[in-house]
Each structure stands twice: as C-alpha cells, then as structure tokens.
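Chain naming here is simple, since letters A, B, ... match the order of the sequence lines and numbering starts at 1 in each.
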Amino acid sequence: MESTLVKLTVQGVMPDAIPNSESQVVILQDESKTNTLPIWVGVAEGTAIRLALEGVVPPRPLSHDLIRNLTEQLGLKISKVVVTDVKNNTYYASIYLRSKESDTQSELTVDARPSDAIALALRTSSPIYVTQEVLDRLAPENVDPWLKMLGSKEFGGTV
Amino acid sequence: MLTQMHIRGLMFDPYTNAYIVILRDESNTEMLPIWVGKPEASAISFAMEGITTPRPMTHDLMKVILDTAEAKVISVVVTDLKDNTYYAKIHLSYEDSEYSIDARPSDAIALAMRSKAPVFVNDNVIRKNSSEDMDRWLENLKPEDFGKYDA
C-alpha cells in the first residue's frame with residue numbers, strides 16, 4: 001500500500017542538547033506546524049544544510065554541491081526526497097531521480113541518510129516528505145524535550 | 001601531460017588544522033600533498049582502509065547515484081593550482097556521452113577510490129606545487145618536526 005506523504009520544510013539546524021555532542025539537530029515541520037520531526041545529523045552534514053538554508057554559495061563546490069552539479073549535468077532531476085523509515089533511532093530516506101526524457105514510471109530511487117537527502121533537496125529546490133508512518137511512530141518523549149528547547153531565542157538564533 | 005598518481009597516505013597538519021592527502025606517482029619520484037577538510041579526509045580514509053559504514057556516507061551516496069543512473073567515473077584529474085587552491089575534474093561517461101565536472105580534489109579522490117577510477121595530475125600542477133606549496137610548507141616546518149611522521 002502506498003503510504004501517505006506529508007510535506008515538510010526545514011526550520012533550522014540547532015546544536016544538540018547534550019554538551020560536547022558531535023551531532024546537530026535538523027528541525028523539520030509540516031505546513032500546519034502540528035508535526036515536528038527532529039533529525040540528528042553529523043556536524044559536516046549539519047553545516048551543509050545550514051549553508052543551503054542561508055543561501056551561501058561557497059567559492060568551491062562542497063560535497064553536496066558536487067552531487068547537485070553531477071546530477072544536473074547528466075540531466076537527472078531530483079523530484080523529491082522522502083524520509084521513509086526509522087529503526088533503532090536511525091532514520092532512512094530515499095532520493096527520487098528522473099532523467100529528462102523519462103516519465104514518472106521510470107523514476108530511480110536511491111537509499112540515503114536523511115542528512116544527505118535534505119542537503120541535496122535544499123540545493124535542488126526539491127520537496128521533502130516524510131511518510132505518515134514515521135510521524136506516527138515519533139515517540140513524544142523524544143520530541144517533547146526538543147519542543148521545549150525551541151523557545152523563540154533558540155529558534156532562528158542558529159538558523 | 002598527465003601523470004597517474006596513487007593515494008599513499010593521509011596526515012594531519014597541525015599548522016593548518018587540516019588533513020593532507022599524499023599522492024605519489026608509480027615510481028615514487030613525484031609527490032603531491034593536497035590539503036583537505038576533516039569530513040573529506042574521513043571519506044578518503046574509509047576508502048583507503050576498506051571500511052564500510054552501516055549507512056551510506058556522502059561519497060557513497062554520490063557513487064550510488066551514479067551507479068543507479070548507470071553513469072561511470074572514467075577518471076579524475078587534478079587540473080590546476082591557483083592561490084593555494086587545487087582544482088579537479090571528474091570525467092564521466094553516461095549514455096554514450098562524456099562529461100567533465102568541476103570538483104574539489106578531495107571529493108574527486110573520495111569518489112575515484114569508491115569507483116576504482118584512476119587519479120591523474122596535470123604535470124603543470126606538480127611543477128607549480130613544488131615551488132608554491134612546498135615553500136609554504138617548508139617555511140612552517142621547525143627542526144623538531146623532521147622525522148615526526150616516520151613510522
């Protein structure tokens with residue numbers, strides 16, 4: 001059965017609540033702001049996402065800029081990225097690619113970490129989705145402490 | 001003229017807080033150090049040591065996208081050195097056409113290692129490097145640094 005997809009937008013990248021953590025947290029929300037999906041990512045990927053949010057164009061292409069350039073030059077279009085699953089606190093994503101001529105029937109799907117998928121989606125203006133199942137399985141105890149931290153000061157401060 | 005290079009090692013440069021990828025030619029007569037960032041250094045070191053991660057890292061994703069699209073990395077070439085910045089090109093074949101894509105050498109090398117593609121350096125870069133970059137490096141070296149990396 002085809003699962004329902006919920007469109008998300010990246011609200012920002014924040015430092016992890018745990019001191020000296022090697023992780024950062026990407027905050028995604030749906031249009032109505034009723035669902036918040038925090039995804040823990042590495043510092044390099046967090047930086048890649050933040051640069052795209054801020055519209056920074058680095059003098060030399062960074063890794064995700066290179067992936068965008070590779071796909072663009074080959075005429076492959078990223079149609080969407082989807083956060084598809086969460087298992088043992090690890091999120092899974094898929095990147096959907098389409099070659100110029102082909103129709104949706106021949107869409108290619110590539111397995112990716114959500115961090116890479118999001119960094120790429122932001123660079124290609126591709127929509128980001130999450131399956132309703134993943135949202136349903138979000139344990140409130142994981143999200144609530146984060147929502148508390150999302151005071152007006154935190155929010156936007158690091159975006 | 002292009003010279004084929006092999007990735008011989010990865011070192012940490014305490015002066016620039018960066019990592020250095022050491023490329024050498026077959027006969028070990030030419031050496032090219034390239035400064036790279038930490039994430040790219042770890043991408044190269046994983047490939048050197050044959051480490052596979054449970055989830056695809058950024059350069060693994062790069063390779064999987066190309067594999068899925070049936071595009072092939074033919075070679076990567078370090079083409080130029082300007083103001084201490086190295087430039088590289090990734091040569092690809094896809095649907096009977098060839099493509100050259102501008103990249104940082106770190107990304108190009110990390111991809112080449114995963115695709116088993118050869119790495120070449122423009123001879124011009126090796127010559128420039130021996131003056132421009134080695135001077136910079138040697139200036140920073142102190143007597144006590146000699147021998148530091150001998151293992």
With distance as the sole test, does B/Asn122 use its side chain to make a donor-acceptor pair with the main-chain N or O of B/Val125 at under 3.5 Å?
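Such a contact is absent between B/Asn122 side chain and B/Val125 backbone.
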
What residue in A/Ala44, A/Ser63, A/Ala112 has the most heavy-atom pairs under 4.5 Å with chain B?
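If we count pairs closer than 4.5 Å to chain B, A/Ser63 comes out on top.
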
Please determine, among A/Thr71, A/Leu120, A/Thr109, A/Leu66, the option with the most heavy-atom pairs under 4.5 Å with chain B.
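Answer, by heavy-atom pair count under 4.5 Å with chain B: A/Leu66.
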
Does the distance from a Lys or Arg side-chain N to an Asp or Glu carboxylate O, for [X] and [Y], drop under 4.0 Å?
X: A/Glu45; Y: A/Arg113; value: yes
X: B/Lys63; Y: B/Asp67; value: yes
X: A/Arg137; Y: A/Asp85; value: yes

So for B/Ala69, is it side chain, backbone, both, or neither that comes closer than 4.5 Å to the heavy atoms of chain A?
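Both backbone and side chain of B/Ala69 come within 4.5 Å of chain A.
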
Side chain from CB out, backbone as N, CA, C, O: work out which of these in B/Thr53 comes under 4.5 Å of a heavy atom of chain A, or both, or neither.
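Neither part, no heavy atoms under 4.5 Å.
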
Pick whichever of B/Pro39, B/Ala103, B/Ser42 has the most heavy-atom pairs under 4.5 Å with chain A.
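Ranked by heavy-atom pairs under 4.5 Å with chain A, first place is B/Ala103.
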
Out of B/Val64, B/Leu61, B/Leu111, B/Ile90, which one racks up the most heavy-atom pairs below 4.5 Å with chain A?
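The option with the most such pairs is B/Leu61.
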
Structural part of [X] lying under 4.5 Å from a heavy atom of chain B:
X: A/Asp65; answer: neither
X: A/Leu76; answer: side chain
X: A/Leu62; answer: both
X: A/Leu97; answer: side chain

B/Pro118 versus B/Ile74, closest heavy-atom pair with distance
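Taking B/Pro118 first and B/Ile74 second, the nearest heavy atoms are CD-O, 3.3 Å.
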
Using the six-membered ring of A/Tyr92, assess whether NZ or CZ of A/Lys87 lies under 6.0 Å from its centre and within 45 degrees of the ring axis.
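Positive - A/Lys87 is close enough to the ring of A/Tyr92 and near enough to its axis.
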
Taking atom types as modelled, is there a side-chain donor on A/Gln11 or A/Thr9 under 3.5 Å from an acceptor on the other?
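Present: a donor and an acceptor within the cut-off.
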
